[in-house]
Amino acid sequence: MSSSFLPVSKELSQDLKGITMWIKELRCLLVLLALVRADPNYDTKHAVIDGDLYIVAVFGLRLKGCTDIRTNSGYQYIDSVVLALKEINKQKDQFRDLGVKIGAIILDDCKDGSRGVQMVKDIYDGNWVIRDNTNAAINVSSIIGFVGSSNSDKTIQLANYLKTKQAALVAPFASSPQLSDRTRFPYFVRTIPSDDKQGHAISAMLIKVGWLNVQVVIEEGSTYASDLAQKFKEAFVNEDQMRCITATYHLQNNTLSAQEIIKAIISSTSKTDVVVVIGRQNYIKSLLQAKKNHPEAKRLVFVGSETWAHAEHIVEGVEEAAMGSVSIAIYGEDVQAFDKHLASLRYNTTQNPFFNMYFEDMFKCGEGENKTSCDVTKNVTGLLHYSQDTYVIHVINAVYALSRATAERLTEKCKQEGVTTVCDSFKEGNIGEDLTKKMEEMSFMDINNRDFEMKDRESVDEYDFFYWQLDGTPMKIGKLTTSDVFYGANAQNFPKGDFYDKQPESQCSTSGSSAIYMTGVLFAMISTLWIIF
């Protein structure tokens, strides 16, 4: 049987041509859409350090809305990554077997956890193509893991998404005990200890000094604050031993809330002058400002969690209110190499797109009313109000940990030490699971030449505690473990001696000291203060 084609009418032929043209136009439209999707419809300012493999860092570098740079607890984390990779890529000593160059993609979530997750998702989905400094596209398969995010809440959001990509996440800031759940967060590691330990450490310090009755202020809506407050309560409250929390206040992010809390505390009949404060730095600052505004609050002694640490900028302008306070800090000395690195940077001389913003904010220079032009000969470390962020060392340790795990995987998968290229087998299998396991029990020499160790996927570091002096500087007075306190030579009799004109009162009532009651107070429809008695 022979085959033949049926004749096509003129009308049908025209219809087919129309369909063909429509298909071509659709293809063009899809290509155009793909190009548009490669440039997301939001601020994508980011920094890239070229490498063979990449760590993606997610920080809150600017304020919400991606406006002003965060000079404290923000910008310095970029240069922490830069410095860490500079040391790592020398490929000496503990990194001598690395062989390839580790780079970084540094993203700014602008203090918005959802934005941070969306940025990472767009990279994985191909909707946003990141390019290196030669304009070559960075392949997603070159990403070895992540460092971030800026607090426990945002880290939980990011970890939940990265679990779907089986990607390792190393956190230098997130201390919530929730993140220790390996079922929920199987690829999570941190270079600081969990707040399960911090709660016990704060309790141990209060018991040691005899402050057995406290009031507590926690940041409203913060997973970090609520989790730490619960762990502290579990460790501290003991009716038989006359240890109690007589009130808990939830602090909202407004001045009125802080003022009302201070009024409530100084009006309380509770026999205590000691107030444990748990929250981010701006919350602590607002409470100090409220204390400053109420002379009768001078007797109060604040005990701050590790977010306060030894950060001097928190007490700037409220030094007298902060005097006598005690703050906790995860062990970590300032990194001299970081200050030296930052001192080498000059305005308009770096590829880092965030540095000029940081420089302008620190010097109050640049474009704008009442601003002078920026002096390219100056450096920010020479300013009196410059201080190194307390988390710089923890960010550097996070980059070190991921890089050490990567070096071990390269040696195993590429079958030789000091490999000079990334072999195909390196990228096969579940990289995130392998790197997480390698970091589960890990030790290395940190940038300060101190032994750093992780067990059970978190740092084993302990805590320092500081006494705040009238000039706004912290004096280290001891070290805390989860069960004991060790004083330095300058504080053997703390809190007695010259630390306080009058010893703080802090004793539990003999009746119902650990009973808890709850009342609510509405502040003119602006803020809600929950007071737990």
Going through the checks in order, is the side chain to side chain donor-acceptor pair (under 3.5 Å) test met by Q76 and D79?
CA-CA 5 Å; Q76 292 184 22; D79 277 306; over 6 Å; no
Test L480 against I328 for side-chain contact (heavy atoms from CB on, under 4.5 Å), laying out the working first.
CA-CA 9 Å; L480 296 168; I328 312 300; 3.5 Å; yes
Carefully, step by step, assess Y224 and T155 under the rule side-chain contact (heavy atoms from CB on, under 4.5 Å).
CA-CA 11 Å; Y224 157 76; T155 302; over 6 Å; no
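The aromatic rings of Y400 and F444 sit tilted, their planes meeting at an angle between 30° and 60°. In this structure, F355 and F359 have tilted ring planes: the angle between them lies in the 30° to 60° band. Ring geometry, Y467 versus F494: the interplanar angle exceeds 60°, so the pair is classed perpendicular (tilted spans 30 to 60°).
Within a 6.0 Å radius of CD in Q492, other residues, nucleotides and ligands contribute more than 12 heavy atoms.
Salt-bridge check for R450 with D461: passed, with a basic side-chain N closer than 4.0 Å to an acidic carboxylate O. The pair K197-E458 counts as a salt bridge, with a side-chain nitrogen and a carboxylate oxygen less than 4.0 angstrom apart. A salt bridge links K479 with E462: the distance from a Lys NZ or Arg NE/NH1/NH2 to an Asp or Glu carboxylate oxygen falls below 4.0 Å. One finds no salt bridge joining K231 and D195 here, because no Lys/Arg side-chain nitrogen approaches an Asp/Glu carboxylate oxygen to under 4.0 Å.
For the residue pair Q178 / D227, a side-chain donor-acceptor distance below 3.5 Å is found, with atom types taken as modelled. Y75 and N352 form a side-chain donor-acceptor contact under 3.5 Å, judged by distance and modelled atom types alone. Side chain to side chain, D339 and Y386 meet the donor-acceptor criterion of an N or O pair below 3.5 Å. There is no side-chain donor-acceptor pair under 3.5 Å between S506 and D273. Under 3.5 Å, the side chains of Y463 and E306 contain no donor-acceptor pair of N or O atoms. Using a 3.5 Å distance cut-off with no hydrogens or angles, the side chains of H313 and Q281 do pair a donor with an acceptor. Between the side chains of S203 and R243, no donor N or O sits under 3.5 Å from an acceptor N or O.
Of all non-hydrogen atoms in S325 and V301, the two that sit nearest each other are CA-CG1, 4.5 Å. Contact record, H310 with F466: CD2-CZ, 3.6 Å, taken as the closest heavy-atom pair. Nearest heavy-atom pair across N213 and S270 is ND2-OG, 3.2 Å.
Under the side-chain contact (heavy atoms from CB on, under 4.5 Å) test applied with L206, the options L212, V326, V276, V485 reduce to a single match, V276. For the salt bridge (charged side-chain N to carboxylate O under 4.0 Å, His left out) with R62, the qualifying choice from D112, D43, D68 is D43, the only one to do so.
Taking the six-membered ring where the residue is Trp, the centroids of F173 and Y77 are separated by under 6.0 Å.
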